[in-house]
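Read through the structure below, which is laid out as structure tokens, and then see the notes.
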Amino acid sequence: MSDGAMTQETAAATAEGAEPSTTNRSTTPTSSAFTEHIQSGWAERDEPLPAARPAAAAAAAHRAAISALHPGVRLVVPAGGLKVRSNDTDYPFRPHPDFTYLTGWGSDAEPDSVLVLEPAADGGEGHEAVLYFRGPAGRGTTEFYANAAIGEFWVGPRPSLDHVAADLGLAARDLDALDDVLADGGEALVVTGADLGVEALLPAANPDGDVLARDLSELRLVKDAWEVAEVQAAVDATARGFDDVIADLPAATAHERGERVVEGAFHRRARLDGNAVGYDTIAASGHHACYLHWTRNDGQVREGDLILLDAGVEVDSLYTADITRTLPISGTFTEVQRKVYEAVREAADAAFAIVRPGIVFKEVHAAAMEVIARRTAEWGILPISAEQSLEPDQQLHRRWMVHGTSHHLGLDVHDCAQARREFYHDGVVREGMVFTIEPGLYFQADDLTVPEELRGIGVRIEDDIVVTADGARNLSGGIPRTADEVEAWIAEVRAR
Ligand code: GLY
Ligand code: MN
Ligand code: MN
């Protein structure tokens with residue numbers, strides 16, 4: 001970053017309308033000659049308004065659903081702001097997913113925006129949606145050339161209010177108007193945790209806790225057709241990323257930090273075909289595969305080992321995939337690797353087989369665990385019978401799979417986090433739900449309860465599924481799954 005950058009404090013102050021102060025390393029000229037020069041000589045902008053983006057219709061339906069749950073109450077959903085990574089450099093901005101769900105504004109959303117659903121005037125039905133965001137800074141301001149956090153010269157232009165209104169099919173107002181609007185008082189609910197400044201404007205909001213966030217999480221449990229298509233697009237991009245990784249395995253084995261080669265190959269695909277990775281890539285080779293969320297990714301990738309790749313592309317609408325494949329680095333599973341792999345695959349298939357509307361979500365996990373208990377009993381490593389182990393007060397097989405089998409997936413990799421347990425873990429599965437099936441077996445390198453040949457082997461197979469009217473569709477079923485398919489896949493990519 002050049003020496004003209006301002007501190008975060010200055011950027012924040014400017015974002016709230018104050019003039020930027022100089023800093024210990026600013027070189028921005030302050031002479032009136034410079035200011036006059038840079039603030040003049042700009043062409044008028046006359047850009048045609050866009051048609052509404054496809055997300056707009058889905059977002060309107062989502063707004064109608066939350067509106068119906070809270071008639072007569074103002075609903076406030078902030079996007080949140082920039083978060084500091086280091087001094088005056090920020091993390092990439094990602095709006096709060098409830099904001100995206102209700103506006104359709106994804107990777108291009110503006111920081112500090114706020115959606116307000118105003119109860120219809122005169123006691124009418126529903127709400128009127130108004131999106132408050134920071135419109136473009138005029139050329140007569142210092143912001144556009146001197147504000148490193150939000151200025152056009154630094155981070156690019158912001159769209160106009162009219163542009164965003166047309167793009168998202170929403171009324172748009174400048175963020176400057178928000179304080180007065182919210183100061184009106186009245187009953188209000190706000191999604192908390194995204195923007196403390198907005199929450200401070202609504203001291204009497206949420207008398208019964210985070211009801212709005214809870215209700216949005218519960219609405220988000222069932223995806224509409226547009227959302228399912230977005231997850232499918234994320235899955236398809238992820239499949240291309242897995243191909244890229246296989247093509248790069250020779251480079252990975254040749255590098256002392258081969259896991260980083262794998263992470264980098266996937267990241268390149270995520271940025272090319274989507275917005276980003278939906279979560280930090282897990283590139284876990286050899287015994288690292290037994291660390292469930294291994295994201296350090298600084299290990300070697302060795303011939304003869306397995307590599308567990310858990311990765312997902314997040315598309316521009318911010319829906320993400322979450323897929324795991326475990327690959328033999330040489331291209332061929334050893335006998336014992338194949339035995340473990342196929343047991344996990346059998347558990348995944350058993351879980352998938354029971355999914356249909358009307359079952360209870362936790363039954364999916366139970367179906368997978370039955371296979372895991374039986375196989376580990378058969379192999380003689382479970383000290384009690386599978387039946388005994390499956391009893392709630394035993395569960396010894398869980399030593400080798402301590403995580404759950406499924407979680408909802410969508411705008412968050414672990415979606416719908418505020419939903420109540422009776423609608424999630426203990427909830428009835430409904431058509432349109434999208435969740436993962438991801439059993440695994442992990443034999444730590446120093447696990448003395450298993451034979452030496454199993455130690456250091458970690459396998460997970462993770463697919464993303466959508467519940468249909470009478471069953472389920474595997475959105476990631478096109479990515480090879482069986483041991484034979486995986487070997488053929490690696491051979492095919494290597495032959496390209
Ligand atoms: N990638 C994290 C998980 O599978 O839940
Ligand atoms: Mn997952
Ligand atoms: Mn995963």
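Predicted model only: the values in this text are computed from it and were never measured. In each ligand, atom 1 is the first atom listed, and ligand 1 is the first ligand listed.
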Polar contacts were defined as any N/O atom of the residue lying under 3.5 Å from an N/O atom of the ligand; does this apply to D310 and ligand 1? yes
Whether D243 and R496 form a salt bridge (side-chain N of Lys/Arg under 4.0 Å from carboxylate O of Asp/Glu) is what I want to check. yes
Starting from atom 3 (C) of ligand 1, what is the nearest protein heavy atom, named by residue and atom, and what distance separates them? D322 OD2, 3.4 Å
Count the heavy atoms of every other residue, nucleotide or ligand shown that sit under 6.0 Å from CZ of R271, and state whether that count exceeds 12. no
Can you establish whether the number of heavy atoms outside R494 located under 6.0 Å from its atom CZ is more than 12? yes
Is it true that D310 and R325 have a side-chain N and a carboxylate O under 4.0 angstrom from each other? no
Cationic N near anionic O, under 4.0 Å, R374 to E387: yes
Tell me whether E462 has any N or O atom under 3.5 angstrom from an N or O of ligand 1. yes
Strictly below 4.0 Å, N to O, side chains only: are D484 and R338 in salt-bridge contact? yes
Atom 4 (O) of ligand 1: which protein heavy atom is closest, and how many Å away? E438 OE1, 3.0 Å
When you measure from the heavy atoms of R460 to every atom of ligand 1, does any distance fall below 4.0 Å? no
Indicate if the distance from the Mn ion (ligand 2) to the nearest N, O or S atom of H414 falls below 2.8 Å. no
Could you tally the protein N/O/S atoms lying less than 2.8 Å away from the Mn ion (ligand 3)? 4
Between R268 and D244, does at least one N-O distance fall below 4.0 Å, as a salt bridge requires? no
Taking NZ, NE, NH1 and NH2 as the nitrogens, is one of them in R214 or D210 under 4.0 Å from a carboxylate oxygen of the other? no
Atom indices of ligand 1, in the order listed, that fall short of 4.0 Å to a heavy atom of H293: 2 (C)
Provide the number and element of each atom of ligand 1 under 4.0 Å from a heavy atom of H414. 2 (C), 3 (C), 5 (O)
I'd like to know if R94 pairs up with E314 as an ion pair, taking the criterion as any Lys NZ or Arg NE/NH1/NH2 lying under 4.0 Å from an Asp or Glu carboxylate oxygen. yes
Carboxylate-amine/guanidinium proximity below 4.0 Å for D415 and K223: yes
Give the atom numbers and elements of ligand 1 that come within less than 4.0 Å of a heavy atom of Y279. 1 (N)
Using a strict 4.0 Å threshold on nitrogen-to-oxygen distance, state whether R257 and D298 make a salt bridge. no
Location of contacts on V413 toward ligand 1, heavy atoms closer than 4.0 Å: neither
